[in-house]
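To start, the structure itself, in structure tokens.
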Amino acid sequence: MALLSLNAVRKSFGTRTVLDGLDFAIEPRARVGIVGANGSGKSTLLRLLAGLDDPDAGTAVRRRGNTVSFLPQHPLGDERTPIETVLAARPDLVELDVELTRLTEQLGSPALASNLEKMARVLRRQEELLERWETLGGPSIEGRARATLLDVGIEAADLGLPTTALSGGQRKLIALAACLAQDPDILLLDEPEAHLDAVGRSLLERLLARFDGAAVLVSHDRYLLDETVSEIASLDRGRIRMWAGNYSAYALARELELQRQQQQFVTQQKEIERLEEAIRRFQDWAHRVVDERHIKQARNKQRQIDRMEKVERPVLERRRIALRLHAHQRGGQRVFELRHVGVQFGDDVVLADLELTVMHGERVGFVGANGAGKSVLLKTVVGELEPTEGEVWVGPSIKIGYLAQDQETLDPESTPLETVRLSHRCSEGEAVSLLMKFLFPYEQVRRANRLLSGGERTRLQLLLLMLAGPNLLVLDEPTNHLDIESVEALEAALEEFDGTVAVISHDRYFLDRIVDRIVEVEGGEAHAYDGGYSDWFERSSTRGDRAAVGARSGL
């Protein structure tokens, strides 16, 4: 029996139908990877499975007693520490703790001492709750929370910091630890690889391998899907189709099926053309010579066409975003300089005495482990953070286009249509046309930005960059949440871009194709190396253990 199932589920947002008659079941110990284009409804599907949203039609059936944990795309930071965040994931233990505290206070009340019968009832209740507390692991919960956080790669020094002070990758790992603390039967992961470096992704693979329950993950990382799943659920036009095997097996099977479908479609179209020609011929003869046989033969041929089970024309290549990046002006030869820059949060030194010069036309890739300070470095360049020491100099003719890692530059309450018209003077019709070229359906352009998927928000940011025409692109993990087709469109656009690019990425293939200089951020310092990622990796591996270099690089 399935642990959790969706039956004939339909879900719409306004006039846009995302899921349409979808059936999906999660079996015990399943390992399912959900793939599909951005905006196809993958995150919506996970939220329905998690019980965070209700379907407009159809049913969600969950086996009694099952615990479902959900890892969102964008775990947000707050003032709680990592340990407090994990402990908050166990409200059952928090409630027991509150009740036990209340009973302890009650037992200390002088009024209870004179009522032995009531005291006995309170003691029995306390004993029951203590037994439940111990069964659920209450006495060791804080130790286990700490151990889980260390297990997922959070450094001991970071356990006392508020999660707002940590990187996106660290917040993702903390949210994963909180999910695991719930001892779930089903783990639902929405793009768990986003913001994670190679060490984090390796840890994720190992955690999934050890996990005893069922796991369902939405991911655009082909390698993660190859290593962790045994089934692929392809979501297209509101429905799911299951494929056996990992992503590579799915990609091969799908390609072969598309080729067969294309052959069948061509063959059928030729047969339909032959029959239609015969119909025209018989109809022509029937007009010239009154003969009932010609009319009957024409009708028989038409019936043959009508009775055919029509083969749909296969979609051999999905539409891609119409991204064209061109600088409105060239800008100076020196683009920006970091002059003895240091950044410190309280006693935590993130960057120290950094020096870096970037010239016009360079493609610089910033690599390093999560929390090394890559995003902090780029935020000083775009002016979002003031360095605590040193100076950031940006050329006077330099216009910066910034794509933020967590899309915080987008107003969550605005709509894509309002966002485009606010940044680019144009008519409503022109704005809608631009959004549709970036694969936003007409009915979606008036939805709030907060309702968009991660990939849709990234596409919206890329459209804004295209319209702004900057000569310096500062991109913080731009491939996160994008489907494969959109990543390839971004790569092609950056190759033709005539300005300067500074980019953080954990995608080795993206870096190899785009950058010509690597800046490694480690231990508060930054070291620049000429060449692409593979060149840098090969040179670095000759100076030490390759695995250690990979861990440092964050790739």
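- Under the salt bridge (Lys or Arg N to Asp or Glu O under 4.0 Å) criterion, Arg334 pairs with Glu337, sequence neighbours left out.
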Derivation and outcome, side chain to side chain contact (heavy atoms under 4.5 Å, CB included), residues Leu435 and Leu460: CA-CA 8 Å; Leu435 286 162; Leu460 180 55; 3.9 Å; yes
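- The neighbour count for Gln333 CD, taken as heavy atoms of other residues, nucleotides or ligands under 6.0 Å away, is above 12.
- Scanning all heavy atoms of the two residues, the minimum distance from Ala145 to Leu87 falls at CB-CD2, 4.1 Å.
- When side chains are defined from C-beta on, Ser505 does not count as touching Ile514, because their heavy atoms never get closer than 4.5 Å.
- Remark: Thr17 engages Arg10, Ser12 in a side chain to side chain donor-acceptor pair (under 3.5 Å) (not counting sequence neighbours).
- When the salt bridge (Lys or Arg N to Asp or Glu O under 4.0 Å) test is applied to Arg450, the partners found at least two apart in sequence or on another chain are Glu413.
- Val311 has its side chain within reach of Gln261: a pair of non-hydrogen atoms, C-beta onward, lies under 4.5 Å apart.
- The closest side-chain heavy-atom distance from Ile504 to Val521 is not below 4.5 Å.
- Applying the salt bridge (Lys or Arg N to Asp or Glu O under 4.0 Å) definition to pairs two or more places apart or across chains, those involving residues 427-446 are Glu428-Arg446.
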Side chain to side chain contact (heavy atoms under 4.5 Å, CB included) between Phe13 and Arg447, worked out: CA-CA 8 Å; Phe13 295 97; Arg447 284 177 59 199; 3.9 Å; yes
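- Here the side chain of Asp476 pairs no donor or acceptor atom with the backbone of Ala404 at under 3.5 angstrom.
- Listed by chain and residue number, Trp243, Glu257 satisfy the side-chain contact (heavy atoms from CB on, under 4.5 Å) test with Arg241 (two or more places apart in sequence, or in another chain).
- Here Gln329 pairs with nothing under the side chain to side chain donor-acceptor pair (under 3.5 Å) rule; sequence neighbours left out.
- Between the side chain of Ser423 and the main chain of Val420, a donor-acceptor pair closer than 3.5 Å is present.
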Criterion side chain to side chain contact (heavy atoms under 4.5 Å, CB included) on Leu473 and Leu465, from CA distance to verdict: CA-CA 8 Å; Leu473 290 173; Leu465 287 181; 4.1 Å; yes
Evaluation steps, side chain to side chain contact (heavy atoms under 4.5 Å, CB included), between Thr81 and Leu159: CA-CA 6 Å; Thr81 66; Leu159 295 179; over 6 Å; no
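- Residues Ser69 and Gln182 have side chains that bring a donor and an acceptor to within less than 3.5 angstrom of each other.
- Between the CG atom in Leu217 and the CG atom in Leu71 there is a gap of 10.0 Å [rounded to 0.5 Å].
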Full working for side-chain hydrogen bond (donor to acceptor under 3.5 Å, both in side chains) between Asp236 and Ser40: CA-CA 6 Å; Asp236 185 35; Ser40 60; over 6 Å; no
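- Counting only residues at least two apart or in different chains, salt bridge (Lys or Arg N to Asp or Glu O under 4.0 Å) contacts with residues 360-373 comprise Glu362-Arg517.
- Of all non-hydrogen atoms in Phe510 and Pro478, the two that sit nearest each other are CZ-CG, 4.1 Å.
- Leu354 places none of its side-chain heavy atoms less than 4.5 Å from the side chain of Val343.
- From Tyr402, atom OH reaches atom CG of Leu472 across 12.0 Å, with rounding to the nearest 0.5 Å.
- In plain terms, the two heavy atoms of Ile398 and Gly332 that are nearest each other are CD1-N, 4.0 Å.
- Between Arg16 and Glu456 there is a salt bridge, with a side-chain nitrogen of the basic residue lying less than 4.0 Å from a carboxylate oxygen of the acidic one.
- There is no side-chain donor-acceptor pair under 3.5 Å between Glu155 and Gln170.
- No side-chain heavy atom of Leu417 sits under 4.5 Å from any side-chain heavy atom of Phe440.
- The environment of Tyr442 atom OH is sparse: at most 12 non-hydrogen atoms of other residues, nucleotides or ligands sit within 6.0 angstrom.
- Using modelled atom types, no side-chain atom of Glu496 and backbone atom of Ala493 make a donor-acceptor pair closer than 3.5 Å.
- The line from CD1 of Ile186 to CD of Glu27 is 10.0 Å long, rounded to the nearest 0.5 Å.
- No side-chain heavy atom of Leu208 sits under 4.5 Å from any side-chain heavy atom of Glu227.
- Every side-chain contact (heavy atoms from CB on, under 4.5 Å) that Ala468 has, sequence neighbours left out, goes to Lys399, Pro470.
- Contact detail for Ala178 and Thr85: the closest heavy-atom pair is CB-O, 4.3 Å.
- For Glu386 and Thr380, the side-chain atoms include no donor-acceptor pair closer than 3.5 Å.
- A salt bridge between Arg31 and Glu231 is absent, with no side-chain N of the basic residue lying under 4.0 Å from a carboxylate O of the acidic one.
- A donor-acceptor distance shorter than 3.5 angstrom exists from the side chain of Thr388 to the backbone of Gln344, with no hydrogens or angles considered.
- Side-chain contact between Asn471 and Thr500: absent, with no pair of heavy atoms (C-beta onward) separated by less than 4.5 Å.
- Remark: Leu76 CG to Thr163 OG1 distance equals 9.0 Å, nearest 0.5 Å.
- Using a distance-only test at 3.5 Å, with no hydrogens or angles considered, no donor-acceptor pair links the side chain of Asn246 to the main chain of Ser230.
- With rounding to the nearest 0.5 angstrom, the CG atom of Leu490 is 10.0 Å from the CD atom of Glu495.
- Under the side chain to side chain donor-acceptor pair (under 3.5 Å) criterion, Arg80 pairs with Asp78, sequence neighbours left out.
- Interatomic distance, CG of Leu46 versus CD1 of Ile34, reported as 5.0 Å (0.5 Å rounding).
- Sorted by first and then second residue, the salt bridge (Lys or Arg N to Asp or Glu O under 4.0 Å) pairs with a member in residues 184-195 form an empty list; sequence neighbours excluded.
- Residues forming a side chain to side chain donor-acceptor pair (under 3.5 Å) with Thr148 (at least two apart in sequence, or on another chain): none.
- Residue pairs meeting the salt bridge (Lys or Arg N to Asp or Glu O under 4.0 Å) criterion with at least one member in residues 45-59, sequence neighbours excluded: Lys11-Asp56, Arg47-Asp53.
- Panel note: side chain Ser433, backbone Gly429; no donor-acceptor pair is recorded below 3.5 Å.
- Smallest separation of non-hydrogen atoms from His360 and Asp498: CE1-O, 3.5 Å.
- Between Arg421 and Ala431, the closest heavy-atom pair is CG-CB, 3.7 Å.
- Leu377 places none of its side-chain heavy atoms less than 4.5 Å from the side chain of Lys374.
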